[in-house]
Amino acid sequence: MDDDDWFIDGKSLAEWGKNSFRLEVTVVDETCSKDQKAAYQKAIYNAMDQAIGNLHPQPNVHVVDCKTASYGYTGITQEYRYQHKDEFY
């Protein structure tokens with residue numbers, strides 16, 4: 001996204017003279033503690049600050065906690081994998 005089109009507190013990133021990012025990560029509900037998610041957020045901020053630098057203090061990291069029946073991959077939910085773990089592990 002162009003810095004002129006990204007706004008924080010009513011000013012564009014171009015006006016701020018800063019960089020930013022938005023990252024969305026999906027995890028299965030009840031697999032990460034609040035402390036783990038907080039540490040992850042800090043680690044991501046620090047990594048992105050090293051990668052792109054000059055970060056505005058309000059980038060966005062969104063950790064989405066999904067129920068096991070709502071999240072999956074290869075067409076199979078995490079709930080199904082749990083209930084049928086002998087098939088997968």
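Only this structure's heavy atoms are used, side chains among them; waters, hydrogens and symmetry mates stay out. Position 1 is the first residue of the sequence; numbering continues from there.
- Here the side chain of Asn19 pairs a donor or acceptor atom with the backbone of Ile52 at under 3.5 angstrom.
- Put simply, the side chain of Val28 does not reach to within 4.5 Å of the side chain of Glu79, judged on heavy atoms.
- With a 6.0 Å radius and a threshold of 12 heavy atoms from other residues, nucleotides or ligands, Phe7 has its CZ atom above the threshold.
- Taking CD of Glu30 as the reference point, atom CG of Asp65 lies at 9.0 Å (rounded to 0.5 Å).
- Between the side chain of Glu87 and the backbone N or O of His84 there is no donor-acceptor pair closer than 3.5 Å.
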The test is side chain to side chain contact (heavy atoms under 4.5 Å, CB included); show your working for Thr74 and Arg81 and say whether it passes. CA-CA 11 Å; Thr74 64; Arg81 287 178 196 282; 2.8 Å; yes

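- Between the side chain of Trp16 and the backbone N or O of Ile8 there is at least one donor-acceptor pair closer than 3.5 Å.
- Residues Tyr80 and Thr68 are not in side-chain contact: their nearest non-hydrogen atoms beyond the backbone lie 4.5 Å or more apart.
- Connection of Tyr71 to Val63 is not established within any shared hydrophobic cluster, with ILVMFWY side chains joined at heavy-atom distances below 4.5 Å, either directly or through further cluster members.
- Put simply, the side chain of Asn54 gets close to the backbone of Gly17: a donor and an acceptor are under 3.5 Å apart.
- Between Pro59 and Ser20, the shortest heavy-atom distance links the atoms CA-OG, 3.4 Å.
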After noting the C-alpha distance and the side-chain angles of Leu55 and Tyr45, does the key distance pass the side chain to side chain contact (heavy atoms under 4.5 Å, CB included) rule? CA-CA 9 Å; Leu55 286 179; Tyr45 179 88; 3.7 Å; yes

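- Using a 4.5 Å cut-off on side-chain heavy atoms (C-beta onward), Trp6 and Ser12 make no contact.
- Ionic pairing of Lys18 and Asp3 is not present here: no N-O contact between side-chain nitrogen and carboxylate oxygen is shorter than 4.0 angstrom.
- Atoms CD and NZ, on Gln36 and Lys34 in that order, are 13.0 Å from each other to the nearest 0.5 Å.
- Both Leu23 and Met48 belong to a single network of hydrophobic side chains, linked directly or stepwise wherever heavy atoms of I, L, V, M, F, W or Y lie under 4.5 Å apart.
- Counting non-hydrogen atoms of other residues, nucleotides and ligands closer than 6.0 Å to NZ of Lys42 gives a total of 12 or fewer.
- The hydrophobic cluster containing Met1 also contains Leu13, counting ILVMFWY residues as joined when their side-chain heavy atoms lie under 4.5 angstrom apart, directly or transitively.
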Step by step, would you call Val64 with His62 a side chain to side chain contact (heavy atoms under 4.5 Å, CB included)? CA-CA 6 Å; Val64 180; His62 185 191; 3.7 Å; yes

Audit row: Ser70, Thr77, side chain to side chain contact (heavy atoms under 4.5 Å, CB included) steps and yes/no: CA-CA 7 Å; Ser70 300; Thr77 67; over 6 Å; no

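- Between Glu24 and Arg22 there is a salt bridge, since a side-chain N of the basic residue sits under 4.0 Å from a carboxylate O of the acidic one.
- Put simply, the side chain of Gln41 gets close to the backbone of Val61: a donor and an acceptor are under 3.5 Å apart.
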